[in-house]
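A, B, ... follow the sequence lines: proteins, then strands. Residue 1 opens every chain. Values below: every heavy atom of this structure, side chains too, minus hydrogens, waters and symmetry copies.
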Amino acid sequence: MSDLTSGLNPAQREAVLHEGGPLLVLAGAGSGKTRVLTHRAARLIAEGRTPPWRILAITFTNKAATELRERLRGLVGPGASEIWTGTFHATCVRILRREAESVGYARDFVIYDADDQLRVLRACLADEEIDPKRIPPRAVQAAVSDAKSRMLDADDLLAQAASFRDEDIARVAKRYGDRLRANQAMDFDDLLVLGVRLLEDDPDARARWQGRFAHVMVDEYQDTNHAQYRLVRVLAEPERNLVVVGDDDQGIYSWRGADVRNILDFERDYPDAHVVALEQNYRSTGTILRAANAVVANNVGRHPKRLWTDRGDGDPIALVACRDEHEEARLVASEVEAALARGERLADVAVFYRTNAQSRAIEDQLVRRGVAYRVIGGPRFYERAEIRDLLAYLRVAVNPADAVSLARMLGAPKRGIGPTTVRRLVAFAVQHGLPAADALAQAEAVTGIGAAQRATLLDATRLLDELRQMDAAGAGVDRIIARALEGSGLRDGLDAEQTIESQGKVENLDELISVAAEHAGEREVRLATFLEEVALQADADGVDEEAGAVTLMTIHNAKGLEFDTVVITGLEETLFPHIRSDTLETLEEERRLFYVGITRARRRLSLSHAESRALHGVRDYRIPSRFLAELPPDATATPAGARAPVGTVTSVARRPAGRAVAGAALTAGDAVLHATFGEGVVIDVERGGELVRVRFANDGAERRLMAGAAPMRKVGSA
DNA sequence: ATTCAACGCTTTTTT
DNA sequence: AGCGTTGAAT
């Protein structure tokens, strides 16, 4: 099977042929990392080094997992289905379902998403008698998630609390954890945390799973958080046949816990690690790559890397100033038309923006011109209220302890059961040590529940029993869902509303039945399995590649995609880089985001900014993004008839790049890291901190730098 | 229990 | 401008 390495470049081949032990693949944008992963797995199997089922390949999104699986199927054949491919969360669930008792859960635990979390948190805030205006549920949610991503629990949070507010948050977090456990529910972070705890603390389980996998591969390693890092580390032991693939320049999720140090420190964690850099790019023109390289070179503390291509330079990058967001939208439309004139399809064109709110003006214009488009990142199918209402019935049928879903199903449709009644039921259940839903059947024993309500509750119990019996009897999931839709009165309630919205909801619910029918048709799917797949796969809308439409999305959503023509809009100070990204670290993340956006383009890239823009109902004047000034001047051009962003670009670029580098923060003796010159020591501070003299270790030279503007970070104190 | 109007916030998002 | 949450009214 030597053809598994034919057609690979030397670096790719090196990674594919790597014998064993830890391997770090620094894969620049468009450098064929998926190719490396798939060919490596195929080669290990083909050479009989490992059976397919002893390979574990972990990704971040279902989309990436699916792509990996499909490409493996093409390379390995039917055996590919035995390779464990999945997201971090899916991998943990597969393990936890088999080991649930070891972490104190029943096998049929449910998975709570962000919405469920907030419901629980609101109740916890009430328990602690904390005004949700003082501490919003979202704040606790963020704190809890952040803690869990670092493998900390509520007790750690309390121990670390630096204020009364922190202590309150920690107490709420504690209650939240208790409630989840009582409901037999795990949130997304719990899947990772409990997975890690199981493997780290339970020697038997550890031995089982470490023995299970001979090779572990991780995609997008730069996006891993600490919990994921620990999971990978423990699973890779003892053989440590671990391949991690990633690009530190594409780390754009630090705000949700991703820790770029995981990839930067890989060689420290695994001193015997082999490192391969994939720098040859097979996607973009030379000009686009030159721009991308130049922009990201302004960042400090990265693995040095330079994308190159043996293809031509291609067109210059178009730089256009627009009067306002409407003119910008017209520019987008004309770029689309130009792309069509070049022979591209609508699906080959994408429009990126920093914030979702920017799509509106563009959509308006595209509608007006009759250009088909799709917006990625709207409300997702499984997150729609009506879908969740219906799923709540199924969730309670599977797991009667799920009090959150019980409250939800009793409230939809409206039939005289409100929060008060639900609270009484749950209290009754807790008092008698019953799962929450079992209180329904004993409604007559619960004080304060009237006759009409009791009848309603008994109806609900009967429906739940019926659903359970159907499931046990092997009825298709679609039939069970259809029964829930009718039996609950949800459909009748919506039909009675007679509005456009209610009709849409009914259509969505019918769509859910169709989705379930597909599941049921493929194989025997139990309700619990279906619910789990739904919980871990939020993107049922399925981005079909062949859609004849222009794609509109945030740059975050664009990661991993590529298009012939890309327009990045809104290159303005306070928007991109975003005003909230005001530290050196977050500013660098904005720059990486820009880098990700640039490198999505295969052939043509246009960048636009508006001179005035209405945001939150207020129109104000805007300054071109400093990032525009970081592009090599000879890589850009402004098309005839268009205007170039002018005036302040250069001066903006020279503004202090975040407070972290403010001159006052540096004193003689401080250690600094510079993007170009590397590590150095501050010799002297001049002009009240505006200028610093730094001696650099690399060449021993002394340089005088603008403290506020130099791409430089303090890494140590005098 | 339900409904409707006023208030307030507003980056990025997966699982 | 637009949405989600809260609080008062029915």
Side-chain angles (χ1 to χ4, degrees), chain A residues 58-65 86-93 111-119 122 131-133 136-139 141-142 145 148-149 186-193 195 220 223-225 227-228 251-258 325 352-361 364 376-380 382-383 385 410-423 450 452-453 456 532-539 553-560 570 574-582 586 589-590 592-594 596-597 613-619:
Chain A
I58 310 179
T59 63
F60 268 83
T61 63
N62 290 302
K63 188 161 177 272
T87 62
F88 272 98
H89 299 266
T91 303
C92 284
V93 170
I111 299 165
Y112 276 5
D113 69 6
D115 189 273
D116 301 316
Q117 286 184 1
L118 289 173
R119 284 163 195 272
R122 276 187 207 108
D131 181 358
K133 277 187 206 125
R138 288 203 173 278
Q141 183 192 39
S145 179
K148 285 181 182 173
S149 76
M186 296 184 195
D187 65 23
F188 288 129
D189 298 308
D190 287 332
L191 299 175
L192 301 172
V193 169
E220 305 276 20
D223 285 336
T224 47
N225 63 30
Q228 289 160 334
I252 54 175
Y253 285 112
S254 75
W255 50 274
R256 62 175 207 221
E325 70 272 23
F352 301 159
Y353 34 77
R354 178 66 239 268
T355 66
N356 288 113
Q358 290 167 251
S359 77
R360 179 165 263 115
D364 285 348
I376 307 293
R380 275 169 300 194
Y382 290 122
E383 286 169 11
L410 291 176
K414 305 257 177 265
R415 19 116 128 111
I417 312 274
T420 313
T421 306
V422 172
R423 213 173 306 128
Q453 291 181 321
T456 309
E532 175 172 312
E533 283 169 15
V534 164
L536 291 179
Q537 177 163 259
D539 48 1
M553 63 184 138
T554 64
I555 308 179
H556 282 92
N557 266 318
K559 194 161 86 153
T574 74
L575 187 58
F576 194 18
H578 197 272
I579 192 165
R580 300 268 283 255
S581 300
D582 57 353
T586 51
E589 183 146 314
E590 294 285 304
R592 289 194 291 273
L593 192 57
F594 188 37
V596 166
R613 182 183 297 276
L615 274 175
H616 315 312
V618 189
R619 175 165 300 281

Just to be sure I understand the rule, does A:Asn557 reach a base, reach only the sugar-phosphate, or reach nothing, if contact means heavy atoms closer than 4.0 Å? sugar-phosphate
Under 4.0 Å: is that the gap between some side-chain N or O of A:Ser581 and OP1 or OP2 of B:dT11? no
Proximal nucleotide (of B:dT15, C:dG7, B:dT11) relative to the A:Glu383 side chain: B:dT15
Sugar-phosphate only, base, or nothing, as touched by A:Arg619 at under 4.0 Å among non-hydrogen atoms: nothing
For A:Arg580 and B:dT11, is the shortest distance between a side-chain N/O and OP1 or OP2 below 4.0 Å? yes
Among side-chain atoms of A:Thr355 and A:Gln358, is any donor-acceptor pair under 3.5 angstrom? yes
How close or far is atom P of B:dG8 from atom CZ of A:Arg138, stated in whole angstroms? 18 Å
Are any of A:Thr87's side-chain N or O atoms less than 4.0 Å away from OP1 or OP2 of B:dT14? no
State, with a plain yes or no, whether a side-chain heavy atom of A:Met186 is found less than 4.5 Å away from one of A:Tyr112. no
Could you tell me how the ring of A:Phe594 sits relative to the ring of A:Phe576: parallel (under 30°), tilted (30 to 60°) or perpendicular (over 60°)? perpendicular
NA contact type, A:Ile417, heavy-atom cut-off 4.0 Å: base, sugar-phosphate, or nothing? sugar-phosphate
Taking C:dG4 as the reference, what is the distance to B:dT13 when you measure between their P atoms (whole Å, please)? 16 Å
How many whole angstroms separate atom CD1 of A:Ile555 from atom C1' of B:dT13? 14 Å
Any side-chain heavy-atom pair from A:Gln228 and A:Phe60 closer than 4.5 angstrom? yes
Give the rounded distance in Å between these two atoms: NE2 of A:His556 and P of B:dT14. 10 Å
To the nearest angstrom, how far is A:Gln141 atom CD from C:dT5 atom P? 12 Å
From CZ of A:Arg122 across to C1' of C:dT6 the rounded distance in Å is 11 Å
List the atom of A:Asn225, the atom of A:Gly257, and the distance in Å for their closest heavy-atom pair. CB-O, 3.1 Å
Quick one: A:Tyr253 OH to B:dT15 P, roughly how many Å, whole number? 9 Å
Rounded to whole angstrom units, what separation is found between the CD atom of A:Glu533 and the C1' atom of B:dT15? 14 Å
Atom pair distance, as rounded to whole Å: CH2 in A:Trp255 and C1' in B:dT11: 8 Å
Please pick, from B:dT11, B:dA1, C:dT6, the nucleotide with the shortest atom-to-atom distance to any side-chain atom of A:Thr421. B:dA1
A:Asn356 near the nucleic acid: base, sugar-phosphate alone, or nothing, with a heavy-atom cut-off under 4.0 Å? sugar-phosphate
By nearest atom, which of the nucleotides C:dA1, C:dT6, B:dT13 is closest to the A:His616 side chain? C:dA1
